[in-house]
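Here the structure is laid out as structure tokens; the discussion comes afterwards.
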Amino acid sequence: VLPNAPYQCQDNTDPQSRQWFATRALDADAATRVAEIRVTEPILNAHIDAKLKQYGLTDSQLAIGGFSQGAMMALQAGVRRPSACAAVVAYNGMLADSAGLRSDAITRPHVLLVHGNRDNVVPYACMAKAEQDLRAVNVPVDTATYNIGHSMNTAGLRLGADH
């Protein structure tokens with residue numbers, strides 16, 4: 001199940017363009033970004049909970065994934081679910097609320113970070129920072145790098161599916 005972000009994108013007049021939060025990934029105001037993500041996180045969790053109930057599944061059978069803002073939301077919600085999910089797969093995103101990892105109740109699902117080393121939207125260095133911050137709280141992490149920009153490729157999708 002691939003949910004749409006709940007809000008219409010402010011930077012795009014196409015009504016089908018969606019966003020999870022308004023702050024851009026690289027805006028200097030990290031506190032605003034974290035606040036917006038924390039407002040949106042319950043929306044994502046409610047959707048996940050409804051789908052788990054609909055299909056008769058548990059968190060242990062759940063993999064959460066996303067691209068860009070969706071990756072940020074997957075990382076945010078995935079380690080904060082009440083029960084550990086099976087995996088989190090994040091494509092070209094970043095860990096937006098790393099400070100919260102030390103103060104929030106977290107679970108430790110297996111995380112796969114996939115990033116393009118030519119990403120001009122969410123810099124490649126964000127992957128190493130996310131890996132470092134997740135490992136610091138004992139979340140198991142694997143990473144994969146591809147010679148692409150802010151996009152996904154077949155090899156990365158296959159790796160995520162195999163995780």
Side-chain angles (χ1 to χ4, degrees), residues 1-6 19-21 23 25-26 30-117 119 121-146 148 150 152-153 155-163:
V1 175
L2 303 170
N4 284 325
Q19 67 185 24
W20 287 100
F21 49 91
T23 307
L26 302 178
T32 298
R33 180 177 52 253
V34 170
E36 289 179 3
I37 286 171
R38 287 192 174 260
V39 166
T40 310
E41 183 181 354
I43 296 169
L44 176 57
N45 276 319
H47 178 80
I48 291 169
D49 291 340
K51 291 300 179 182
L52 289 175
K53 183 177 179 181
Q54 177 184 349
Y55 294 112
L57 301 171
T58 65
D59 276 277
S60 67
Q61 298 165 303
L62 169 68
I64 302 173
F67 171 77
S68 195
Q69 278 194 354
M72 294 176 218
M73 293 304 302
L75 288 167
Q76 178 73 19
V79 298
R80 291 171 174 85
R81 298 278 305 158
S83 299
C85 60
V88 175
V89 181
Y91 295 94
N92 290 62
M94 64 184 278
L95 185 61
D97 186 11
S98 59
L101 292 175
R102 292 180 293 283
S103 59
D104 295 344
I106 64 167
T107 58
R108 289 166 176 80
H110 188 263
V111 173
L112 172 64
L113 304 172
V114 180
H115 215 106
N117 60 5
D119 191 333
V121 177
V122 180
Y124 178 63
C126 291
M127 183 176 77
K129 175 79 168 105
E131 179 183 17
Q132 175 186 358
D133 292 344
L134 290 165
R135 287 190 190 280
V137 293
N138 299 313
V139 173
V141 181
D142 287 322
T143 63
T145 299
Y146 294 98
I148 58 174
H150 192 67
M152 297 165 58
N153 63 9
L157 289 170
R158 284 190 183 126
L159 185 62
D162 289 343
H163 248 59

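Atoms considered below: every heavy atom in the structure, side chains included; atoms not considered: hydrogens, waters and symmetry mates. Note that this is a predicted model, so its numbers are computed, not measured.
Taking CG of Leu112 as the reference point, atom OG1 of Thr143 lies at 8.0 Å (rounded to 0.5 Å). Within the model, atoms CD1 of Ile48 and CD1 of Ile43 stand 12.0 Å from one another, a figure rounded to the nearest 0.5 Å.
Side-chain atoms of Ile37 and Thr40, non-hydrogen and from C-beta on, never get closer than 4.5 Å to each other. Between Leu101 and Arg80, the closest side-chain pair of non-hydrogen atoms falls below 4.5 Å. Contact check for Pro6 versus Trp20: side-chain heavy atoms found under the 4.5 Å cut-off. The shortest distance between side-chain heavy atoms of Tyr91 and Leu157 falls below 4.5 Å. In this structure, Arg38 and Asp104 have side chains that are in contact, with non-hydrogen atoms separated by less than 4.5 Å. Side-chain atoms of Arg33 and Met94, non-hydrogen and from C-beta on, do get closer than 4.5 Å to each other. By the 4.5 Å heavy-atom criterion applied to side chains, Asn153 and Val114 are not counted as neighbours. Looking at Tyr146 and Met152, their side chains never come closer than 4.5 Å, going by heavy atoms from C-beta outward.
Between Ala71 and Gly93, the shortest heavy-atom distance links the atoms CB-CA, 3.7 Å. The shortest non-hydrogen separation linking Ala74 to Gly65 is CB-C, 3.9 Å. Minimum heavy-atom separation, Val88 to Pro109: CG2-CG, 3.9 Å. When every heavy atom of His163 is checked against every heavy atom of Ala87, the shortest pair comes out as O-CB, 4.2 Å. When every heavy atom of Ala77 is checked against every heavy atom of Asn45, the shortest pair comes out as CB-OD1, 4.0 Å. Nearest heavy atoms, Ala144 versus Leu159: CB-CD2, 3.4 Å.
Using cut-offs of 30° and 60° for the angle between ring planes, the His115 and Tyr124 rings count as perpendicular.
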Inset, instruction - Carefully, step by step, assess Lys51 and Gln54 under the rule side chain to side chain donor-acceptor pair (under 3.5 Å). - result: CA-CA 5 Å; Lys51 291 300 179 182; Gln54 177 184 349; 3.1 Å; yes
Inset, instruction - Let me see the working for Thr107 and Asp59 under side chain to side chain contact (heavy atoms under 4.5 Å, CB included), right down to the final yes or no. - result: CA-CA 11 Å; Thr107 58; Asp59 276 277; over 6 Å; no
Inset, instruction - In sequence, state the C-alpha distance, the side-chain angles, and the governing distance for Val122 and Met72, and then conclude on side chain to side chain contact (heavy atoms under 4.5 Å, CB included). - result: CA-CA 11 Å; Val122 180; Met72 294 176 218; 4.1 Å; yes
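The one candidate from Leu95, Val111, Val139, Val141 that meets the side-chain contact (heavy atoms from CB on, under 4.5 Å) condition with Glu131 is Val141.
For the side-chain contact (heavy atoms from CB on, under 4.5 Å) test, residues two or more places apart in sequence or in another chain that qualify with Thr58 are Ser60, Gln61.
For Arg81 and Asp49, the salt-bridge test passes: some basic side-chain N is under 4.0 Å from an acidic carboxylate O.
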